[in-house]
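Read through the structure below, which is laid out as structure tokens, and then see the notes.
Computation of the quantities below employed the complete heavy-atom set of this structure, encompassing side-chain atoms and omitting hydrogens, waters and symmetry-equivalent molecules. Not measured: the values here are computed from a predicted model. Sequence lines set the chain letters: A, B, ... in the order given, protein chains first and strands last, and positions in each chain run from 1.
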Amino acid sequence: MIENVTHKQEEKKDTQGKLNFYLKMVYKDKTGFAGMIIVLIFFGWSFIQGMLEIFSGMFSDPHLGSILLPHNPFNFNYHISMQGPSSTYLLGTNAEGEDILSRLLYAVPRDAFIAVLVVASAILIGAVLGITAGYMGKMTDEIIMRVTDAFLAVPALILVIAISVVLNATYTGAIIGLMVVWWPIYTRFFRGQTLKIKNLDFVQASKINNVSKIRFFFRYLFLNDTDPIIAYAALDFGNVILTYSTLAFLGIGLTPPIPELGSMAADGVGALPTAWWWAIFPGLAILVIVIGFVLLGDRLQDIISNRINY
Amino acid sequence: MQSKTVLFIVRRGINALITVVILIVFLFSLIHIIAPSPAAMARIYAGSPHVPPAELLTIEKTYGLNKPIYEQMIIYMVAIFHGNLGVDPTYKVPEISLIAKFLPRTLELVIPAIILSVAIGIFTGALAASKRRKPTDHVVKGVYLATWASPPFLVAAMLQLFIGYDLGLLPAVHMVNPLLNTPQNYTSFPILNSIIARDWPYFISLIHHMILPVIALSLISFGIVTRLTRSSMLDIMETDYFRLSIMKGVPRKKAIYSVALRNASIPLITLIALLFAYSVAGAVIIEDIFDYHGMGWFIVHAIYTLDYIAILDTTIIVGLSVIAANLIADILYGVLDPRVRLE
């Protein structure tokens with residue numbers, strides 16, 4: 001019993017130490033730090049605005065959703081249709097006279113939600129399949145990896161399009177499509193890591209000590225696999241946002257009055273030479289968000305593969 | 001040695017075949033999950049929910065939709081390997097003829113784009129590796145990270161806006177000047193047709209319209225080449241033989257560009273398949289924005305009309321071509337670098 005308690009404390013200390021180490025290393029590098037700031041602002045804003053949107057739906061009070069925004073994102077006003085950037089409308093207005101900045105800010109929480117959901121599900125499925133494949137080996141390994149290869153063979157975007165269109169191109173369809181397509185790369189990662197550590201002494205020792213199966217799976221295999229996966233996952237949030245915005249650009253996964261970054265750009269492309277702000281600013285917004293994840297992920301990758309000091 | 005190479009190629013070939021079969025089984029089950037009954041499947045093949053029952057029955061008969069599901073799966077797979085992908089519900093012609101029309105046009109974009117992005121990638125990667133940890137290195141890294149992070153429609157829209165509309169240097173939309181007469185169809189590649197017909201105005205117009213989409217495609221995909229070139233060149237610059245060549249008195253520049261770059265370019269072969277996949281996926285958006293009537297445009301229109309058959313068939317064709325590209329890259333790599341074969 002006492003042994004167990006100390007074990008748990010050690011675990012906690014261990015993960016905290018790791019986190020502190022990563023934060024310190026990210027903090028040391030200017031670009032990595034900038035990436036982290038962008039990511040924090042993105043998630044912070046998404047959380048606040050997302051909560052407000054949920055509450056405004058719950059209390060059926062449309063004002064609550066736009067309380068923090070400069071203008072009401074759903075306010076049609078044809079007097080100010082297609083106005084360029086100005087001090088009142090910082091990023092201009094679209095054909096219906098809706099403020100583009102407000103619409104951008106209103107659309108962001110969905111991207112954060114989808115990114116978290118898809119990456120988390122991919123890590124979960126990837127961990128289960130990858131660790132199983134790596135640990136069991138032989139026929140199980142062969143079957144899982146062939147299926148993984150089949151999913152990796154088609155470009156992710158094309159397969160997501162196929163799945164979500166077959167599911168009638170709805171919002172749920174887009175999310176399911178992304179979730180179905182996103183796991184294979186994590187399966188490969190987890191399998192590779194498991195193969196690396198499964199013959200190490202501490203894994204063998206845990207078997208002798210009769211550690212329970214769930215604990216063995218989670219504590220010994222999953223947690224020890226995660227290092228390179230954290231860095232990749234940070235990058236991958238950006239990939240999910242890019243792919244989702246591309247889907248929205250093609251008109252998949254829209255729930256009309258609610259704006260999407262990709263579909264705003266798609267609407268704006270038609271008005272391109274004159275109302276350039278309509279297509280370019282949503283695109284730039286995606287670029288900034290994704291660059292945050294890319295910088296952070298890149299820095300984390302450097303830290304984990306010990307390439308910091310070169 | 002010879003038999004080992006053959007064994008390697010055969011093993012990779014079998015793996016590729018298994019991958020194809022699993023992919024087809026997945027797509028087959030996908031469509032059968034949303035349309036579990038023969039009548040629902042027949043409606044999908046007819047392309048509209050409002051079809052007279054008599055027509056549904058004939059469709060059920062022609063596609064064998066009343067047979068048990070495993071039998072249907074085998075029929076479907078055999079049909080695909082015979083090049084029979086069904087009749088498109090929107091255009092009412094065999095799907096394979098549509099793909100044969102649109103795929104070559106996309107290849108005309110994708111192949112120059114791959115060549116361009118490999119060229120840009122090797123150049124910038126070598127530059128970054130030789131100027132490691134200096135401002136040039138950071139600038140190169142900043143540029144490729146930015147192109148990685150930018151959505152394809154932003155790149156395309158920017159090019160269209162600045163080069164197409166503001167400067168007016170190149171046409172911003174369409175495949176070719178619509179006022180010109182199309183030359184006769186000798187092949188399915190418009191460029192080859194215009195060359196065979198010696199229709200030079202048409203040829204020049206085609207090239208003019210190609211430039212912006214090709215640049216857009218290579219901009220979104222060159223970063224991965226830069227990254228791999230840089231890291232594999234840095235690896236080689238640590239090796240003994242590279243140091244030896246410096247010690248022997250080979251000038252540093254020559255050592256970097258001939259010794260290191262040549263050895264670093266072998267792993268790049270594996271990237272070509274990946275680049276192909278990237279570019280085909282990017283072409284979906286870029287062809288839509290530039291109104292270039294290729295495979296991507298076809299896919300986008302299939303999305304608008306919810307044409308399931310066209311979507312699934314294009315997915316199969318894209319999957320097949322990417323698997324084939326992967327196989328070729330694997331074999332080439334194995335032939336060029338014998339160490340890979342041992343795995």
Side-chain angles (χ1 to χ4, degrees), chain A residues 31 35 142 145-169 180 235 238-239 241-243 245-247 249-252 261-262 265-266 268-269 272-274 276 279-280 282-284 286-295 298 307 310, chain B residues 15-16 18-27 30-31 33-34 132-133 138 141-142 145-146 148-158 160-161 164-166 172 234 276-278 280-282 284-285 288-289 299-300 302-304 306-308 311-312 314-316 318-320 322-323 326:
Chain A
T31 49
E142 196 65 27
M145 290 328 284
R146 287 290 81 76
V147 175
T148 310
D149 279 354
F151 275 87
L152 279 177
V154 188
L157 179 65
I158 306 259
L159 202 53
V160 178
I161 288 176
I163 295 170
S164 48
V165 166
V166 167
L167 299 173
N168 280 330
V180 169
L235 259 172
N239 289 339
I241 292 171
L242 271 186
T243 311
S245 69
T246 309
L247 288 184
F249 185 90
L250 297 173
I252 297 172
L261 298 179
V269 163
L272 203 51
T274 45
W276 54 268
I280 300 292
L284 283 179
I286 298 167
L287 173 66
V288 171
I289 295 169
V290 178
I291 250 185
F293 286 110
V294 166
L295 290 178
D298 196 62
R307 278 187 283 144
Y310 70 76
Chain B
N15 268 0
I18 293 173
T19 313
V20 170
V21 169
I22 293 175
L23 178 69
I24 294 174
V25 168
F26 171 72
L27 291 174
L30 188 68
I31 192 106
I33 287 168
I34 61 148
R132 177 175 158 196
R133 272 185 290 167
H138 297 304
K141 191 171 190 180
L145 287 185
W148 256 10
S150 52
F153 49 83
L154 179 70
V155 175
M158 291 269 220
Q160 209 178 29
L161 181 66
Y165 291 123
D166 286 355
L234 287 181
F276 180 74
Y278 253 56
V280 170
V284 175
I285 296 287
D288 183 39
I289 290 180
I299 292 176
V300 171
I303 295 171
Y304 292 154
L306 285 185
D307 182 347
Y308 300 121
I311 293 272
L312 290 186
T314 46
T315 309
I316 289 172
V318 169
L320 277 178
V322 172
I323 290 167
N326 258 319

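Within the 4.5 angstrom heavy-atom criterion, no atom of A:Phe293 approaches chain B. Both the backbone and the side chain of B:Leu23 have a heavy atom closer than 4.5 Å to some heavy atom of chain A. Looking at A:Val166, both its backbone and its side chain come within 4.5 Å of chain B, counting heavy atoms on both sides. Neither the backbone nor the side chain of B:Tyr278 comes within less than 4.5 Å of any heavy atom of chain A. Contact of A:Val165 with chain B is made through backbone and side chain together, with heavy-atom distances under 4.5 Å. For chain A, no part of B:Phe276 is nearby; none of its heavy atoms comes within less than 4.5 Å. With a 4.5 Å cut-off on non-hydrogen atoms, A:Ile252 touches chain B through its side chain but not through its backbone.
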Evaluation steps, side-chain contact (heavy atoms from CB on, under 4.5 Å), between A:Ile161 and B:Ile311:
CA-CA 8 Å; A:Ile161 288 176; B:Ile311 293 272; 4.2 Å; yes
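For the pair A:Phe151/B:Phe26, a side-chain contact is recorded, criterion being any heavy-atom separation below 4.5 Å from C-beta on. Side-chain contact check for B:Thr314 versus A:Ile158: every heavy-atom pair is 4.5 Å or farther apart. Between B:His138 and A:Thr31, the closest side-chain pair of non-hydrogen atoms is not below 4.5 Å.
Between A:Val269 and A:Ala279, the shortest heavy-atom distance links the atoms N-CB, 3.6 Å. Here the closest non-hydrogen pair linking A:Ile291 and B:Ala149 is CG1-CB, 3.5 Å. Closest of all the heavy-atom pairs between A:Ile289 and A:Ile241 is CG2-CD1, 3.8 Å. In plain terms, the two heavy atoms of B:Thr19 and A:Ala153 that are nearest each other are CG2-CB, 4.1 Å. Smallest separation of non-hydrogen atoms from A:Ile286 and A:Ser245: CD1-CB, 3.5 Å. A:Phe249 and A:Ala265 get closest at one heavy-atom pair: CE1-C, 4.0 Å.
Interface remark: of the candidates B:Asp288, B:Ile323, B:Leu30, B:Ile299, B:Leu30 forms the most heavy-atom pairs closer than 4.5 Å to chain A. The candidate with the highest count of non-hydrogen atom pairs below 4.5 Å against chain A, out of B:Val21, B:Ile289, B:Leu320, B:Ile33, is B:Ile289. The greatest number of non-hydrogen atom pairs below 4.5 Å with chain A, out of B:Leu306, B:Asn15, B:Val300, B:Leu312, is found for B:Asn15. Taking A:Pro155, A:Pro273, A:Ala162, A:Gly251 one by one and counting their heavy-atom pairs under 4.5 Å with chain B, the maximum is reached by A:Pro273. Interface remark: of the candidates B:Ala157, B:Ala156, B:Gly319, B:Ala157 forms the most heavy-atom pairs closer than 4.5 Å to chain A. Chain B forms more heavy-atom pairs under 4.5 Å with one residue of A:Leu295, A:Leu235, A:Leu159, A:Leu250 than with any other, namely A:Leu250. Each of A:Ile280, A:Val180, A:Asn168 has some count of heavy-atom pairs under 4.5 Å with chain B, and the biggest count is that of A:Ile280. Taking A:Leu272, A:Thr246, A:Val294 one by one and counting their heavy-atom pairs under 4.5 Å with chain B, the maximum is reached by A:Leu272. Contacts with chain A were tallied for B:Gly142, B:Ala172, B:Pro151, B:Pro152; B:Pro151 has the most, counting heavy-atom pairs under 4.5 Å. Counting heavy-atom pairs closer than 4.5 Å to chain A, the top-ranked of the candidates B:Val318, B:Ile303, B:Asp166 is B:Ile303.
Put simply, CG on A:Leu284 and CG on A:Leu261 are 11.5 Å apart, with the number rounded to the nearest 0.5 Å.
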